[in-house]
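Let me begin by presenting the structure, written as structure tokens, before commenting on it.
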Protein chains: 2
Amino acid sequence: MNSPDLKSVCGCCSIKELCIPAGLAEEEVLLLDQHMNHRRTVRKGDALFRTGDAFRSLYVVSAGLFKTSMLHEDGRTQVTGFQMTGEYLGLDAISSGKHHCEAVALEGGSVCEIAFDQLESLGQLLPNLQHSFHKSLSREIVRDQGVMLLLGSMRAEERLAAFLLNLAKRSAHRRQSDSELILRMTREDIGSYLGLKLETVSRILSRFHDQGLLEVQGRHVRILSSEGLERIIRDH
Amino acid sequence: MNSPDLKSVCGCCSIKELCIPAGLAEEEVLLLDQHMNHRRTVRKGDALFRTGDAFRSLYVVSAGLFKTSMLHEDGRTQVTGFQMTGEYLGLDAISSGKHHCEAVALEGGSVCEIAFDQLESLGQLLPNLQHSFHKSLSREIVRDQGVMLLLGSMRAEERLAAFLLNLAKRSAHRRQSDSELILRMTREDIGSYLGLKLETVSRILSRFHDQGLLEVQGRHVRILSSEGLERIIRDH
DNA sequence: CGATTGGTTGAGCCCATTCAACGAATGTGG
DNA sequence: CCACATTCGTTGAATGGGCTCAACCAATCG
């Protein structure tokens, strides 16, 4: 499970402040470490789990970008999120013991895995870990409800503006540029996430480009005016 | 906090199988009991908490029906859920220590309150409680993602059909009729939750009535053909 | 009683979709 | 290496579903 030659993998991890170890004491991280399966690499297109799979483990993205999609009985499918480094995958599966969505890598990367029963046992020993896990679950609820607001009350332009600003903010938080974005997902993925058709996504990106808000070249997007994007959201 | 004259309130509660005590041993329920503030009554229109309030406690509906709404900075507002007996209120606030939505009673009722720090401490003592709490959080995530699917990929008729079937299912689970519904919320609340305008909600209820799927008289709705409603969802 | 709130229905409009054509990039097998 | 298929993205024209605006009714309340 753990690499015996390394005292602590999590303790040396470059994203530890974004990830489960955030806020834990050094000796707590050491203990956590022993229960983690570290940095399993995934290639673009790989599925970490699929809808209906039995739930055993949670994953945290350590590198790369993932998307999660729900499949409804009747063929309908909806992208429910794009996960960057430090974000959990599989939280929805705790409720019923099976996964309600599938998680697919949008680029090569890696994940850290922890068996959920072990995480719960560790939580009994480490109140800090328990609390930060609760915050992560709650943060996912807030995020999902934010998307509900977006889907329920915003028009297409506003949705896309909010999406781009959100990506930029999360990139910046990970010490990447907050204006230079590389959309690793297709227009269809974006549309599915935002409740729009891919043509609409494409059209609105072009419109933003024409308005001088963005530079768009395929999947390379540079935000020229985040104020302009924010104004679109504010002005309904 | 607790009523000293009662050995166990939760243990005698009529909805204990729907609520926090579900799956706990008798002595665990006794311990839980001592940390709960039981059955605070609320009147129609009362707010349990409002957006921005400091987070101290979680609530569980013990009687009545609540709605939660998010308020966006720019006046936009969105109903994020309707909570029936046994369902938590306030889970979104764990993430940041303040409430991201407001919870308002749609009819007279009552809630049980538990200070969150005490719930976490109890969780350290009672792994069963810890686990069932995790399942509740995860269930809320699944629910929210289900609404994302609804808002992102269903048309107005399908949304309303899904909404009515969901209400009916949850009512039946609480030993109420699964065909006789009383909509305690306004058409505007329903519309906000489903990403529709109130006129659209009204029109579609009338359409369902004309099609013989429902009997509609104001807020009293009788489902005449749940198969018909399911077919609407299935036939896109 | 008038005022207010909640609900229904109609007419016209607009935003996003549908349908379609086309171009660019990538990959594959001969 | 090229021919070809496939995937992804862009853009145009026409359509339609839900919205906007508006009028009206019913129930409730001070």
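Note: hydrogens, waters and symmetry copies are ignored here, and every other heavy atom, side chains too, is used. Residue numbering restarts at 1 for every chain, and letters A, B, ... go by the order of the sequence lines.
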Hey, what are the protein-to-nucleotides 14-21 of chain D N/O distances that come in under 3.5 Å?
unit_1: D/dG18; atom_1: OP1; unit_2: B/A156; atom_2: N; d: 2.7
unit_1: D/dC19; atom_1: OP1; unit_2: B/K197; atom_2: N; d: 3.4
unit_1: D/dC19; atom_1: OP2; unit_2: B/K197; atom_2: N; d: 3.3
unit_1: D/dC19; atom_1: OP2; unit_2: B/T200; atom_2: OG1; d: 2.3
unit_1: D/dT20; atom_1: O4; unit_2: B/R203; atom_2: NH2; d: 3.0
unit_1: D/dC21; atom_1: N4; unit_2: B/E199; atom_2: OE2; d: 3.3

Could you list the donor-acceptor pairs under 3.5 angstrom formed between side-chain atoms of residues 13-22 of chain B and any protein atom two or more places apart in sequence or on another chain?
unit_1: B/K16; atom_1: NZ; unit_2: B/G11; atom_2: O; d: 2.8

Ion pair B/K44/B/E107, N-O distance below 4.0 Å: no
Qualifying residues under side chain to side chain contact (heavy atoms under 4.5 Å, CB included), relative to B/K98, sequence neighbours excluded: B/S96, B/H100
From CE (B/M36) to OG (B/S57), nearest 0.5 Å: 10.0 Å
Test side chain to side chain contact (heavy atoms under 4.5 Å, CB included) applied to B/V221 - qualifying residues, sequence neighbours left out: B/L181, B/L183, B/L214, B/V216
A/M84 to A/V61 - nearest heavy-atom pair and separation: O-CB, 3.4 Å
Under the salt bridge (charged side-chain N to carboxylate O under 4.0 Å, His left out) test, residues paired with B/R231 that sit two or more places apart: none
Near-strand residues of residues 228-236 of chain B, defined as heavy-atom separation under 4.0 angstrom from DNA chain C: none
B/T68 versus B/Q83, side-chain donor and acceptor atoms under 3.5 Å: yes
Nucleotide range of DNA chain C lying under 4.0 Å from chain B heavy atoms: C/dG6 to C/dA11
Residues in side chain to side chain contact (heavy atoms under 4.5 Å, CB included) contact with B/E199, at least two apart in sequence or another chain: B/K197, B/R203
Give each protein N/O atom lying under 3.5 Å from an N/O atom of nucleotides 7-9 of chain D, with the pair distance.
unit_1: D/dC8; atom_1: O3'; unit_2: A/R219; atom_2: NH2; d: 3.4
unit_1: D/dG9; atom_1: OP1; unit_2: A/R219; atom_2: NE; d: 3.0
unit_1: D/dG9; atom_1: OP1; unit_2: A/R219; atom_2: NH2; d: 3.4
unit_1: D/dG9; atom_1: OP2; unit_2: A/R187; atom_2: N; d: 2.9

Any donor-acceptor pair under 3.5 Å from B/S202 side chain to B/L198 backbone: no
Residues in salt bridge (charged side-chain N to carboxylate O under 4.0 Å, His left out) contact with A/R219, at least two apart in sequence or another chain: none
Atom pair CD (A/Q78) and CG (A/L151), whose distance is rounded to the nearest 0.5 Å: 6.5 Å
Side-chain donor/acceptor of B/S138 to backbone N/O of A/S95, under 3.5 Å: yes
Pair A/R174 + A/E87, salt bridge at N-O below 4.0 Å: yes
Sorted by number, the residues of residues 69-81 of chain B with heavy-atom contact under 4.0 Å to DNA chain D: none
Partner set under side chain to side chain contact (heavy atoms under 4.5 Å, CB included) for A/V79, not counting sequence neighbours: A/K67, A/S69, A/F82, A/D189, A/S192, A/Y193
